[in-house]
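Proteins get letters first, then strands, A, B, ... in listed order; numbering begins at 1 in each.
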Number of protein chains: 4
Amino acid sequence: MHHGNRHGRSEAAREAVLQAADDLVAEIGYARVTIEGIAGRAGVAKQTIYRWWRSKTDILVDAFVADAVQELTLPDTGSFGTDLRAHLEELVRFLEVSDAGAVFRALVGQAQHDPGLALRLRSEILPLLRARDRVPFERAVTRGELPADADIDLLVDRAVGPIHYRVLVTGAPVTAALLDA
Amino acid sequence: MHHGNRHGRSEAAREAVLQAADDLVAEIGYARVTIEGIAGRAGVAKQTIYRWWRSKTDILVDAFVADAVQELTLPDTGSFGTDLRAHLEELVRFLEVSDAGAVFRALVGQAQHDPGLALRLRSEILPLLRARDRVPFERAVTRGELPADADIDLLVDRAVGPIHYRVLVTGAPVTAALLDA
Amino acid sequence: MHHGNRHGRSEAAREAVLQAADDLVAEIGYARVTIEGIAGRAGVAKQTIYRWWRSKTDILVDAFVADAVQELTLPDTGSFGTDLRAHLEELVRFLEVSDAGAVFRALVGQAQHDPGLALRLRSEILPLLRARDRVPFERAVTRGELPADADIDLLVDRAVGPIHYRVLVTGAPVTAALLDA
Amino acid sequence: MHHGNRHGRSEAAREAVLQAADDLVAEIGYARVTIEGIAGRAGVAKQTIYRWWRSKTDILVDAFVADAVQELTLPDTGSFGTDLRAHLEELVRFLEVSDAGAVFRALVGQAQHDPGLALRLRSEILPLLRARDRVPFERAVTRGELPADADIDLLVDRAVGPIHYRVLVTGAPVTAALLDA
DNA sequence: AAATAATCGAGACGGTACGTCGAGTCTTAAT
DNA sequence: ATTAAGACTCGACGTACCGTCTCGATTATTT
């Protein structure tokens, strides 16, 4: 019985590609990142990239997920109001200034033109973010600050929707006034 | 009209280009539309396009604005609640199913990678939409259903933000429950 | 009525490509010549080459024909024997040491793998050479040294065949002894 | 056998490779034969090929020599004229229609671009053919039909040169008229 | 009405990047 | 030690569009 590659893909190459992609988006912006550029920066052959990924967005999804595994903790401030406020401020910081946020915005942008990417975005990335967005509400239910049958996903959409809208669409700054749902 | 046409007959070409661009986005999707494709479809030379526009998004902004001049009227239903509900349902229809909405989503998507486009989007397209979004609230102020010093832009963001968020980001359907702000 | 390109292809580009191809074959040998290399050397875009030629051999045929237009004169020595001897020595010089001969050998070699090239070789290049090869025999007929109904093409094959055979196949030097048909 | 095989079972692999190479040249033509294709067809790893051969032409030389060991006998017809005529007809058949002839033509073609191959061709393959080509002349010397000091190699070149010339260069059919040296 | 000058459709041009192919090298696990 | 498998780096392939250019024809003002 023969069964394909016995030693599998090169982990070193994989990491170099993800790192290079992340770096390049931060340095020159998504639009000017090319597969050839990533390959060159990563010291990897183009063919190796095409062997494992289908497009530059495919790489960036992997890169985003790999990074997202890290940052997890959400401090418990004791009350729903302050918890939520802290979380939303953290969200704004993520969307507007972090490198990961830049990747996220680029992916959401590209997903408007690419149904396949939209699918991956919704099945692999958004659940990660949604889980974090739910935390303040779930704590509030535990504490009894919200009713046990509250529709948390709806509440999350109403809380983070306007923030995404300003960041992605209007470009207006997210003011303190908006952070009071 | 922000460009010359002092001689020659560019108006026919201009309209053919805008129409071709709109059609192509509807037919094959923004990502596969090219300047060459638009030129071919419009029966126009590439150079003619480059004389008047800087990119395919530049064309689409013009096309969107030209279309948007048309559809204007917002029926007055008599009360704030029904007015707003009717408007939001119309907004969902625009974003999710209309050709113009497809162009809008593509432009917002591309604006994530292109600061110049983001600028045009925010200075030429969003004000048109914002004006319409404000109507129900302004009528409510007139009727006395809302206080005269209400921050209408903030209220608009809270009303349409979650809708845009679902359409552009999560892809979740916009349910009746969400249309109750 | 519209009728395509009014100014046609760039003669400068054409000549630069033919020259670059010739030079590269002489410098690095046919096997290491690439389309990209020719394009780079000629200062021309790859697409320009692919617009007008189908392969590197296609370029070389054109280059060979362009060169062959020049060298024409065959001195008349007065007698068949010396005419033929002079011509065959010239042929050996062409095949063994000239740049054009190197191109010819490469084309004959490649024609063994490429029926399309074989066709072009036989319809465009060989007639040029054959015309020259016939001259000594035709003069001999004129002078009465050969009968008027002599099969000149057959005589040519018997005269030049062994020379080509040594150059292309055995690699043995073409000795004086061979030049006595 | 000019290589090791001191351990392992390379002999099966060796034969599979030579057979696959021969078959592929016959099926798809020399130009489209690749090392990967040979490996795949032979059920052998690419590395195994590179361990024992340096190029696809290197394989084909081995394959040709292996085949050539077989067909040997040249019928003695009793007289120089018929002997030679029979041999030349056999040569034409070999060059024009046999699989081995196709390999031979491909190798001669490739040798125009590859000095290393030219060397192997002249040291390993041509002597085999030359030996056969000499037979009719050597018999004629034995019979006294040719003088004992005849330069047989020269006579061979004059007999087979025009035939090779037509097959490799002009593509003209080898007519009966040509077979009268 | 003729002369003038910007614009037109067409498409060749120099480029950049694409996604694919095969070359030749390497590492691994199995024999 | 050699094998089959296949991932690796590398170079070139042939293609698609980009944005610029030149051409000869068209057309609307200007003279």
Side-chain angles (χ1 to χ4, degrees), chain A residues 1-14 32-37 39 42-52 54-56, chain B residues 4-14 16 32-40 42-52 54-56, chain C residues 1-14 32-40 42-52 54-56, chain D residues 4-10 12-13 32-40 42-56:
Chain A
M1 176 160 44
H2 46 80
H3 42 338
N5 178 24
R6 270 100 159 183
H7 61 299
R9 70 193 286 186
S10 157
E11 188 57 22
R14 177 173 193 273
R32 294 165 59 198
V33 173
T34 65
I35 298 271
E36 294 202 334
V44 143
K46 230 183 351 169
Q47 181 62 48
T48 296
I49 294 186
Y50 282 105
R51 193 169 1 249
W52 303 112
R54 305 153 64 95
S55 64
K56 71 174 173 176
Chain B
N5 192 20
R6 297 171 302 286
H7 313 279
R9 53 177 175 87
S10 82
E11 192 52 27
R14 177 186 150 88
R32 295 164 59 196
V33 173
T34 64
I35 298 272
E36 296 201 333
I38 295 172
V44 142
K46 249 195 324 180
Q47 181 58 44
T48 300
I49 293 186
Y50 282 107
R51 199 179 340 263
W52 304 115
R54 305 153 65 96
S55 64
K56 71 173 173 176
Chain C
M1 174 163 43
H2 45 82
H3 41 337
N5 178 27
R6 270 95 158 189
H7 59 297
R9 70 192 285 186
S10 158
E11 188 56 23
R14 176 173 193 273
R32 293 165 60 197
V33 173
T34 65
I35 300 271
E36 294 203 333
I38 295 171
V44 143
K46 237 190 332 177
Q47 181 62 47
T48 296
I49 294 185
Y50 283 107
R51 201 179 343 261
W52 303 112
R54 304 154 64 95
S55 64
K56 70 174 174 177
Chain D
N5 193 18
R6 297 173 299 287
H7 312 279
R9 55 180 175 88
S10 84
R32 294 164 61 197
V33 173
T34 64
I35 298 272
E36 294 202 335
I38 295 171
V44 143
K46 252 195 323 180
Q47 182 58 44
T48 299
I49 293 186
Y50 282 107
R51 197 177 342 264
W52 304 114
W53 293 278
R54 306 154 65 97
S55 65
K56 71 173 173 176

If I take atom CH2 in residue W53(D) and atom P in nucleotide dT2(F), what distance separates them, rounded to the nearest angstrom?
14 Å

Nearest-Å distance, CZ (R14(A)) to C1' (dA7(F))?
16 Å

Examine dG11(E): is either OP1 or OP2 under 4.0 Å from a nitrogen or oxygen in the side chain of W52(C)? Give yes or no.
no

A39(B): what forms a side-chain contact (heavy atoms from CB on, under 4.5 Å) with it, not counting sequence neighbours?
K46(B), I49(B)

With sequence neighbours excluded, residues passing side-chain contact (heavy atoms from CB on, under 4.5 Å) with R54(B)
D58(B)

Any side-chain N or O of R51(D) under 4.0 Å from OP1/OP2 of dT3(F)?
yes

In whole angstrom, give the distance that lies between atom CD1 of I49(B) and atom P of dT20(F).
13 Å

When you check the phosphate oxygens OP1 and OP2 of dG9(E), does a side-chain N or O of T48(B) lie under 4.0 Å from one of them?
yes

Listed by chain and number, what are the side-chain contact (heavy atoms from CB on, under 4.5 Å) partners of R32(A), not counting sequence neighbours?
I28(A)

Set of residues satisfying side-chain contact (heavy atoms from CB on, under 4.5 Å) with respect to T34(C), sequence neighbours excluded
E36(C)

Between dT22(F) atom P and E11(C) atom CD, what is the distance in whole Å?
18 Å

For nucleotides 13-15 of chain F, print each protein N/O atom paired with a nucleotide N/O atom at under 3.5 Å, atom names and distance only.
| unit_1 | atom_1 | unit_2 | atom_2 | d |
| --- | --- | --- | --- | --- |
| dC13(F) | OP1 | I35(C) | N | 2.8 |
| dC13(F) | OP2 | I35(C) | N | 3.4 |
| dC13(F) | OP2 | E36(C) | N | 2.9 |
| dG14(F) | OP2 | Y50(C) | OH | 2.4 |
| dG14(F) | O5' | Y50(C) | OH | 3.4 |
| dG14(F) | N7 | K46(C) | NZ | 3.0 |
| dG14(F) | O6 | K46(C) | NZ | 2.7 |

